[in-house]
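Given the structure is predicted, the values throughout are model-derived calculations rather than measurements.
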Amino acid sequence: MGESVKDISMLSMIFLYLLSGGLTLILYVLNLGIVKDFLTSLLRMSVQLFFGSIVLMYIFKINTYWIVLIFFTVMTIVASHTIIKKSKVTGWFIYPVIFIVSFTMTFMFQVVIVGNTIWYDSRYFITISGMVMGNSMNACALALERFNGELKENGDLIETLFSFGANNFEAVSEFFKRSIRSALMPIITNMSSVGIVFFPGMMTGQILAGADPGNAVKYQIAIMVTIAISVVLSTMLNLYFMMNRHFSKGIFKQ
Amino acid sequence: MLTIKNFKIFINTDKLIDIEHFSFQKGFLYSIFGRSGIGKSTLLKGIGSLIEYQGEIFFGDTISNKNLNVREMRKKIHYVRQEPRFLSGTGLDNLKYIFKLNENRNMRFDEDLAYMFADKLNIERELFYKDVKNLSGGEKQRLSLIRSLIIQPDFILLDEPSSALDIHTEELLIKLLHEIKREIGVIVVSHSTNFIINSDKKLLLSDKKINFLDYEVNEDLIKKIIEEHNG
Ligand SMILES: Nc1ncnc2c1ncn2[C@@H]1O[C@H](COP(=O)(O)OP(=O)(O)OP(=O)(O)O)[C@@H](O)[C@H]1O
Ligand SMILES: [Mg+2]
């Protein structure tokens with residue numbers, strides 16, 4: 001990838017934080033009630049990215065399969081935990097689903113699409129799996145929350161379908177579909193507007209780093225398809241396991 | 001014949017129903033009454049295999065919940081809710097949908113049968129083409145009954161089927177139930193004294209049990225009986 005990106009100087013960083021301070025002041029004056037949220041998020045972002053960069057530097061230097069696996073496992077735990085917290089559902093199945101789907105899809109991207117012979121090449125594996133997992137995480141949280149909400153609200157309809165001989169899946173399939181649809185909407189919207197309304201971070205980054213836009217576009221298409229597949233697979237699996245939790249001995253439990 | 005044996009239902013840890021043995025025959029219209037909150041809906045849902053219960057439900061001499069799968073049980077001994085629920089779409093969509101379920105793949109939707117029941121319940125055919133969400137409470141209640149009758153269950157368990165009907169339409173319903181009771185056993189939970197008086201067997205649910213009243217009742221007596229068993 002040609003020449004490297006221009007460095008941002010320390011002075012510029014200080015300037016950015018000063019700007020953020022100004023923004024905080026405006027938020028405070030407008031009394032929007034989000035000053036605290038904004039400040040904690042700013043702080044979290046700064047700390048997480050700072051330590052993230054140190055960890056990434058370390059991992060890229062070691063670059064062995066076990067360090068990649070360890071880091072990937074930590075990512076899985078954090079992502080699954082976030083899903084559980086956001087959607088307010090419990091289920092140990094979320095961890096293996098996120099792990100297996102993200103791993104398989106990243107592996108596919110890395111080995112089959114890009115053609116990298118070292119599957120664990122951390123510079124790719126960690127960043128790509130991060131994108132795959134992040135999108136799956138948001139979609140699963142959305143889908144699971146929606147699904148549980150729908151089941152709570154529609155217990156009487158589910159009971160009615162049961163009375164006509166519906167099996168577990170038939171009784172909830174309508175809500176299953178609705179939840180998957182709502183989880184897929186963001187990525188579908190993204191796909192249709194990419195390149196016109198916005199240029200995604202990965203592509204922008206590659207172009208800034210001096211990559212040929214044609215190649216950056218190919219990467220972008222590859223990652224979007226990979227993400228779409230991961231999102232569908234992970235939401236479907238998670239909803240399937242969630243569904244089974246609502247039934248015991250063939251009887252619906254809200 | 002439908003027989004329940006050692007039939008118990010627990011709600012949380014409270015025992016709400018405890019019936020040693022009770023048989024319902026086809027050919028009679030059964031009415032079950034009792035004070036509000038005593039467990040009538042719970043009993044019907046239990047017999048309809050929609051909530052957890054202990055014990056056995058026989059129908060015929062040999063077939064029971066022990067050897068028939070729960071989906072088949074729910075169709076044969078079929079519970080109909082007081083406030084019906086539908087999928088979005090028209091009435092006809094909802095009737096047809098039932099036959100798309102995997103369990104019902106060998107059955108066929110008989111439109112004429114549906115219209116026959118509709119005529120008897122004073123339901124216009126146009127109503128089948130209306131969006132269900134625009135139907136009145138009484139129309140929904142009758143549409144839901146038609147939906148349940150066309151799967152031809154062995155016994156039908158009706159939870160306050162006339163709660164949204166005027167007295168005239170209730171009479172039509174009672175008449176229809178008497179017509180079908182030889183093919184489809186009919187067990188009705190009702191608060192309507194008219195319904196109870198016009199049923200063949202009057203059953204009082206109290207003390208966790210079904211109590212058969214072997215004497216004639218009238219409106220005042222029904223009220224008195226419910227009052228006496230209040231508490
Ligand atoms: N799923 C449930 N969770 C908690 N309590 C329940 C549940 N289902 C029923 N109950 C309780 O069990 C009791 C019996 O309820 P049920 O609906 O069977 O009464 P009912 O005799 O049909 O009353 P009504 O004449 O008002 O319809 C009530 O006290 C009700 O609150
Ligand atoms: Mg009731």
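- With hydrogens and angles ignored, the 3.5 Å screen pairs a side-chain donor or acceptor of E170(A) with a backbone N or O of N102(B).
- The part of Y97(B) that comes within reach of chain A is its side chain, from C-beta onward, which places non-hydrogen atoms under 4.5 angstrom from that chain.
- Interface residue L87(B): backbone and side-chain heavy atoms are both found under 4.5 Å from chain A.
- Residues meeting the salt bridge (charged side-chain N to carboxylate O under 4.0 Å, His left out) test with K140(B), sequence neighbours left out: none.
- Remark: E103(B) CD to N167(A) CG distance equals 8.5 Å, nearest 0.5 Å.
- Using a 4.0 Å cut-off between charged nitrogen and carboxylate oxygen, E159(A) and R85(B) do not count as a salt-bridge pair.
- Test R74(B), R71(B), K75(B) against F162(A) for side-chain contact (heavy atoms from CB on, under 4.5 Å) and you get one pass: R74(B).
- Atom CD1 of I151(B) and atom OG of S163(A) lie 7.0 Å apart (nearest 0.5 Å).
- Panel note: side chain N104(B), backbone F164(A); a donor-acceptor pair is recorded below 3.5 Å.
- Counting heavy atoms from C-beta outward, T160(A) and R147(B) have side chains that approach closer than 4.5 Å.
- Each salt bridge (Lys or Arg N to Asp or Glu O under 4.0 Å) pair with one or both residues in residues 152-161 of chain B, not counting sequence neighbours, appears once here: K26(B)-D154(B).
- Within the 4.5 angstrom heavy-atom criterion, atoms from both the backbone and the side chain of S148(B) approach chain A.
- Both the backbone and the side chain of L50(B) come within contact range of chain A, judged by heavy atoms closer than 4.5 Å.
- Using a 4.5 Å cut-off on side-chain heavy atoms (C-beta onward), E174(A) and S88(B) make no contact.
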